[in-house]
Amino acid sequence: MKREAHRVRHDLLLCGGCLALALLMLVLLRVCRDEGGYAVVRIDGETHCRLPLTENTEYVIETADGQRNTLVIEDGRAYVSEATCPDGICAAHRPITRDGESIVCLPHRVVIELEGGTEGAT
């Protein structure tokens, strides 16, 4: 009986430790995501604007020759919802979320790159 009580106590300690570790991981993930970061829009290599990933917004990028890309920032993700370029590769690109990731519209010479926030694209 003593041995059984000892085993139950150890099982409870192990479960409590696993729960505490899981809670710590959730908090750390939340802090990393809330850290923010920016979507930096460059046209012809010149920085056009920096938009925070923490604020949901839709921003129309217009080039000097009247071409347009619509950048959407939503829930810490950035993506191009529409573009007037002939191939539309930028609009077909998956949303980007991590530091260093980018979306490029070659015909318009537009680059959207994430800076800050979660490290390392996988």
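Residues Arg98 and Glu101 share a closest heavy-atom pair of N-OE1, 2.9 Å. Scanning both residues, Ala78 and Leu114, for their nearest heavy atoms gives CB-CD2, 4.2 Å. Smallest separation of non-hydrogen atoms from Thr84 and Gln67: OG1-OE1, 2.8 Å. Taking each heavy atom of Glu115 and Asp99 in turn, the nearest pair found is CA-OD1, 3.4 Å. In this structure, Ile103 and Arg94 approach most closely via the heavy-atom pair CD1-O, 4.3 Å. The two residues Glu58 and Thr70 have their closest heavy-atom pair at CG-CG2, 3.5 Å.
To the nearest 0.5 angstrom, His10 atom NE2 is 13.0 Å from Cys15 atom SG. Taking CZ of Arg77 as the start and CD1 of Ile96 as the end, the distance is 11.0 Å to the nearest 0.5 Å. Taken from CD1 in Ile73 to CG in Asn56, the straight-line distance is 8.5 Å, to the nearest 0.5 Å. The line from SG of Cys49 to CD1 of Ile61 is 6.5 Å long, rounded to the nearest 0.5 Å. Separation of atoms CG (Asn69) and OG1 (Thr63) is listed at 8.0 Å; rounding is to 0.5 Å. Residue Cys90 holds its SG atom at 10.5 Å from CD of Glu82, rounded to the nearest 0.5 Å.
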Run Leu51 and Leu71 through side chain to side chain contact (heavy atoms under 4.5 Å, CB included) and show every step you take. CA-CA 10 Å; Leu51 302 168; Leu71 171 63; 3.7 Å; yes
Stepwise side chain to side chain contact (heavy atoms under 4.5 Å, CB included) test for His48 and Tyr59: CA-CA 12 Å; His48 182 67; Tyr59 183 77; 3.2 Å; yes
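Between the side chain of Glu55 and the backbone N or O of Pro52, no donor-acceptor pair lies under 3.5 Å.
Hydrophobic clustering, with ILVMFWY side chains joined whenever heavy atoms are under 4.5 angstrom apart, keeps Ile43 apart from Val104.
No more than 12 heavy atoms of other residues, nucleotides or ligands shown are found within 6.0 angstrom of CZ on Arg68.
Residues Ser102 and Ile112 are not in side-chain contact: their nearest non-hydrogen atoms beyond the backbone lie 4.5 Å or more apart.
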